[in-house]
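The block underneath contains the structure these notes are about, expressed in C-alpha cells.
Here the structure is a predicted model, which is why all the values come from computation and not from measurement.
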Amino acid sequence: MSKFLVMYLAPSATMDEWMKKPQEERADAEKKMMEDWNAWMAAHKDLIKETWAAGKTKKVTGDGVSDSRNDLMLYSIVEAEDHDAAAKAFEGHPHFGIPGATIEVVAIRPM
C-alpha cells in the first residue's frame with residue numbers, strides 16, 4: 001500500500017460569498033453536505049487514515065512571515081494500492097457540491 005496526501009480545495013471567494021449568507025439560509029445545505037460527507041467517509045473508512053481541517057495560514061518567505069490565504073479547506077492521509085486507485089476513490093465526492101471545488105491527490109513517502 002502507498003500513502004497519499006489528499007487536499008480538498010475550494011475557491012476562497014466562493015467560501016467568502018457563502019459565509020455572507022445568513023446561517024438560516026445555509027443550514028439545510030450545510031446539513032446535507034455533512035450527511036453526505038459522513039456517509040462517504042463511512043463507506044471509505046479503510047482508505048482514510050486521518051482527516052484534518054485547515055485553519056489560518058501564514059506564509060514564510062526569505063523576507064519573513066505574513067498572513068496569507070489559500071484554497072485549502074481540509075486534508076486527509078489515505079492508503080491505496082496505487083495513485084490511480086487513490087484518485088479514483090474520490091470521484092463523485094460530496095466536496096464537489098461546492099462550486100469550483102477540487103480535490104488533489106499527491107503521492108507521499110518518508111524522507
Contacts of K32 that satisfy side chain to side chain contact (heavy atoms under 4.5 Å, CB included) - sequence neighbours left out: D36
Any side-chain heavy-atom pair of [X] and [Y] under 4.5 Å:
{"X": "Y8", "Y": "D71", "value": "no"}
{"X": "V106", "Y": "M7", "value": "yes"}
{"X": "T14", "Y": "I98", "value": "yes"}
{"X": "W18", "Y": "E30", "value": "yes"}
{"X": "F4", "Y": "F90", "value": "no"}

I'd like to know if I77 and L72 are part of one continuous hydrophobic network [Ile/Leu/Val/Met/Phe/Trp/Tyr, side-chain heavy atoms within less than 4.5 Å]. yes
Honestly curious: do I103 and I108 fall in one hydrophobic cluster under the side-chain, below-4.5 Å linking rule? no
Restricting to non-hydrogen atoms, name the atom on [X] and the atom on [Y] that form the minimum distance, rounded to 0.1 Å.
{"X": "A10", "Y": "M73", "answer": "CB-SD, 3.3 Å"}
{"X": "V78", "Y": "A86", "answer": "CG2-CB, 4.5 Å"}
{"X": "F96", "Y": "T102", "answer": "CE2-CA, 3.9 Å"}
{"X": "A89", "Y": "H44", "answer": "O-NE2, 3.8 Å"}
{"X": "G100", "Y": "P11", "answer": "O-CD, 3.5 Å"}

Going by side chain to side chain donor-acceptor pair (under 3.5 Å), name the pairs with one or both residues in residues 46-58, residues two or more places apart or in two chains. E50-W52, T51-S76, K58-D67
Are D16 and R69 close enough, and set up right, to give a side chain to side chain contact (heavy atoms under 4.5 Å, CB included), and what steps lead you there? CA-CA 12 Å; D16 290 346; R69 284 190 79 190; 2.9 Å; yes
Is there a side chain to side chain contact (heavy atoms under 4.5 Å, CB included) between Y75 and L9 once you walk through the steps? CA-CA 9 Å; Y75 68 91; L9 305 153; over 6 Å; no
At what distance, to the nearest 0.5 angstrom, does [atom1] of [X] lie from [atom2] of [Y]?
{"X": "E17", "Y": "M15", "atom1": "CD", "atom2": "CE", "value": "11.0 Å"}
{"X": "E79", "Y": "M1", "atom1": "CD", "atom2": "CE", "value": "6.0 Å"}
{"X": "S12", "Y": "M19", "atom1": "OG", "atom2": "CE", "value": "13.0 Å"}

Can you name the one residue among M33, K20, K21 that meets side-chain contact (heavy atoms from CB on, under 4.5 Å) with R26? K21
For the residue pair H95 and H93, categorise the inter-ring angle as parallel (less than 30°), tilted (30 to 60°) or perpendicular (more than 60°). perpendicular
